[in-house]
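First the structure, in the form of structure tokens, and then the observations on it.
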Amino acid sequence: MPELPEVETVKRGLEALIIGKKVQSVTHDNPKSFPNAEGDVQQFLINARITAVRRRAKVLLIDLDNHHSLMVHLKMTGQLVYVAEHARFGAGHPNDSLIHRLPDRSTRVTLAFNDRSHLFFNDQRKFGWVRLMPTVEIPNIDFMRKVGPEPLSDDFTAKEFIQRVRRRSGTNIKAVLLDQTVLAGIGNIYADESLWGAKIHPATLVKNVSDAKLKTLFAKIREVLLLSIEKGGSTDRNYVNAEGKKGSYISFARVFRREGKPCSRCGTIIVKTRVAGRGTHLCPHCQKLVG
DNA sequence: CACTTGACCTGTCCGC
DNA sequence: TGCGGACAGGTCAAGT
């Protein structure tokens with residue numbers, strides 16, 4: 001569920017919360033959640049200071065002042081939640097708030113900072129991970145070399161989007177949107193939402209989608225992502241931002257998790273089906289399958 | 001090579 | 001109430 005807007009929201013939150021802080025200790029409960037932790041942590045994480053927080057695709061990058069960085073992928077159920085010492089016991093948070101319960105059994109990695117605040121990496125399903133590596137090596141890892149352009153980047157044009165999508169002419173358009181090597185950051189929610197916006201059936205093969213439709217799709221992708229960032233992302237189940245708070249995009253969604261409800265454009269009942277191996281939501285009237 | 005499916009995990013929900 | 005099975009969906013490996 002964390003897709004581009006959710007990861008961007010976490011990134012902005014962390015930027016305001018952890019830059020300048022010094023790491024005092026690190027614990028982790030699951031080797032897969034932090035694969036290379038053993039030797040490197042002592043050498044490159046303890047006593048390092050955080051200098052920047054970045055995002056590329058759905059990956060968060062936390063830069064340290066020693067030429068190393070933490071990479072974090074939240075996958076489906078990952079959370080990065082910052083808890084200040086005073087927030088835990090002070091006023092301003094309901095007692096059942098997430099931050100009062102951390103760490104909990106989903107906590108995989110805990111960073112303690114020198115001011116007694118903490119950053120918790122929680123991940124119920126253990127698909128996500130944290131890695132530590134030299135900052136200059138990040139662009140060389142497989143994922144970074146293969147990942148496509150950022151949809152919201154100014155120099156990524158509709159023309160380039162269409163060119164990249166067209167290389168996959170025999171595939172359904174939803175699978176192509178989900179392919180991180182075509183463009184970065186789209187997942188199941190925003191694939192469904194932007195295809196509804198462009199009135200394209202998710203199962204339509206790329207070769208049966210016109211250039212005009214693809215151009216509209218590109219615009220809708222940007223529109224949907226920007227709206228979601230503005231709303232703090234989508235909380236379907238697990239997702240929370242760096243302060244442990246939920247996003248509200250879901251209440252603005254037009255098709256995602258709206259099966260059985262009327263389409264806001266034409267009133268036809270939204271259906272849920274399966275495309276590209278994923279639960280897929282669409283309006284059968286607005287999004288006709290062609291070809 | 002192009003494309004699709006299954007595995008990785010755990011918690012929740014649904015039907016019997 | 002208990003229990004098996006489907007489902008959730010990001011990414012990569014394995015399969016067609």
Side-chain angles (χ1 to χ4, degrees), chain A residues 1-10 28-35 55-61 71-80 98 101 103-109 121-131 138 141-148 150-151 164-195 202-209 225 228 233-240 246-247 249-250 253 255-260 271-282 291:
Chain A
M1 323 208 218
E3 305 177 28
L4 188 153
E6 290 73 32
V7 181
E8 178 66 20
T9 302
V10 172
H28 61 104
D29 83 327
N30 179 11
K32 285 188 176 175
S33 298
F34 199 170
R55 178 190 62 76
R56 176 75 171 101
K58 300 172 189 172
V59 177
L60 270 165
L61 304 167
M71 290 181 68
V72 183
H73 202 307
L74 303 174
K75 291 287 181 86
M76 254 98 74
T77 56
Q79 307 173 327
L80 271 179
L98 174 65
R101 302 197 305 266
D104 65 17
R105 71 177 150 166
S106 76
T107 301
R108 307 299 167 205
V109 183
F121 173 63
N122 306 321
D123 185 20
Q124 179 183 96
R125 289 170 72 179
K126 302 180 181 174
F127 288 170
W129 42 257
V130 178
R131 281 169 204 170
I138 290 172
I141 69 169
D142 253 24
F143 178 86
M144 290 298 177
R145 283 192 298 111
K146 292 179 186 167
V147 71
E150 288 289 328
R164 298 182 73 90
V165 169
R166 287 258 177 255
R167 290 178 206 157
R168 307 286 306 280
S169 63
T171 312
N172 66 71
I173 185 67
K174 176 158 178 175
V176 175
L177 292 186
L178 293 174
D179 185 340
Q180 300 299 296
T181 69
V182 174
L183 79 167
I186 308 291
N188 206 38
I189 297 174
Y190 304 108
D192 283 4
E193 290 294 294
S194 50
L195 287 166
T204 315
L205 300 183
V206 166
K207 63 185 171 194
N208 294 326
V209 183
L225 294 177
S228 184
S234 299
T235 296
D236 185 31
R237 302 172 61 88
N238 288 266
Y239 169 73
V240 294
K246 297 177 178 185
Y249 175 83
I250 281 287
V255 286
F256 190 80
R257 285 290 156 84
R258 285 182 51 78
E259 61 269 30
V271 301
K272 183 174 181 184
T273 172
R274 216 160 174 84
V275 177
R278 306 269 179 260
T280 298
H281 312 74
L282 64 102

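Here is the naming used below: chain letters follow the sequence lines, and residue numbers restart at 1 for every chain. Keep in mind the model is a prediction, meaning the values are calculated, not measured.
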Residues in salt bridge (Lys or Arg N to Asp or Glu O under 4.0 Å) contact with Arg258(A), at least two apart in sequence or another chain:
none
Within the 4.0 Å heavy-atom criterion, would you say Gly277(A) contacts the bases, only the backbone, or no part of the nucleic acid?
nothing
Mark yes or no for whether Ser228(A), through its side chain, and Pro5(A), through its backbone, hold a donor-acceptor pair below 3.5 Å.
no
For Trp129(A) and dC9(B), give me the distance from atom CH2 to atom P, rounded to whole Å.
16 Å
Would you find a donor on one side and an acceptor on the other, under 3.5 Å apart, between the side chain of Thr235(A) and the backbone of Gly247(A)?
yes
Can you tell which of dC8(B), dG10(C), dA8(C) lies closest to the side chain of Lys75(A)?
dG10(C)
If you pin Thr171(A) and Arg237(A) to their nearest nucleotides in DNA chain B, which one's is more 5'?
Thr171(A)
Atom-to-atom span, CD of Glu259(A) to C1' of dC13(B) - whole angstrom:
14 Å
Interatomic distance, Gln180(A) CD vs dC3(B) P [rounded to whole Å]:
17 Å
Which of the following nucleotides, dA8(C), dT4(B), dT11(C), is nearest to the side chain of Arg257(A)?
dA8(C)
By the 4.0 Å heavy-atom rule, please label Phe256(A) as base, sugar-phosphate, or nothing.
sugar-phosphate
So which nucleotide from dT12(B), dC8(B), dT10(B) ends up closest to the side chain of Phe127(A)?
dC8(B)
Could you give the NZ-to-P distance, from Lys272(A) to dA6(C), as a whole number of Å?
15 Å
With Arg166(A), which residues qualify under side-chain contact (heavy atoms from CB on, under 4.5 Å), at least two apart?
Ile162(A), Val206(A), Asp211(A), Leu214(A)
Write down the distance separating the P atoms in dG6(B) and dA6(C), rounded off to the nearest Å.
12 Å
Is there a donor and acceptor pair closer than 3.5 Å between the side chain of Arg278(A) and the base of dT11(C)?
yes
I'd like to know if Arg145(A) pairs up with Asp142(A) as an ion pair, taking the criterion as any Lys NZ or Arg NE/NH1/NH2 lying under 4.0 Å from an Asp or Glu carboxylate oxygen.
yes
What is the separation between atom NZ on Lys146(A) and atom P on dA2(B), rounded to the nearest whole Å?
13 Å
Sorted by chain and number, sequence neighbours left out, ring pair (Phe, Tyr, Trp, His ring centres under 6.0 Å) with Phe121(A) holds for none
Whole-Å distance separating the CG atom of Leu74(A) from the P atom of dT11(C):
10 Å
Taking atom C1' in both dT11(C) and dT12(B), what distance in whole Å separates the two?
23 Å
Do the side chain of Arg125(A) and the base of dA8(C) come within less than 3.5 angstrom through a donor-acceptor pair of N or O atoms?
yes
Got a sec, which residues hit ring pair (Phe, Tyr, Trp, His ring centres under 6.0 Å) with Tyr239(A), two or more places apart in sequence or on another chain?
none
Among the candidates dC9(B), dG10(C), dC3(B), find the nucleotide nearest to the side-chain atoms of Arg168(A).
dC3(B)
Secondary-structure stems, DNA chain B, at least 3 Watson-Crick or G-U base pairs under 3.5 Å
B:2-8 with C:10-16, B:10-16 with C:2-8
Separation of dC9(B) P from His73(A) NE2 (nearest whole Å)
16 Å
Calculate the interatomic distance between Asn238(A) atom CG and dG11(B) atom P; express it in whole Å.
10 Å
Under 4.0 Å between any heavy atoms, over every strand shown, what does Arg274(A) touch: base, sugar-phosphate, or nothing? Just pick one.
sugar-phosphate
Counting heavy atoms from C-beta on, name the nucleotide in dG11(B), dC9(B), dG10(C) closest to the side chain of Lys58(A).
dG10(C)
Residues passing the side-chain contact (heavy atoms from CB on, under 4.5 Å) test with Thr107(A), sequence neighbours excluded, are Leu102(A), Pro103(A), Asp104(A), Thr110(A), Phe120(A), Asn122(A)
Taking the P atom in each of dC9(B) and dA14(C), what is the distance between them to the nearest angstrom?
15 Å
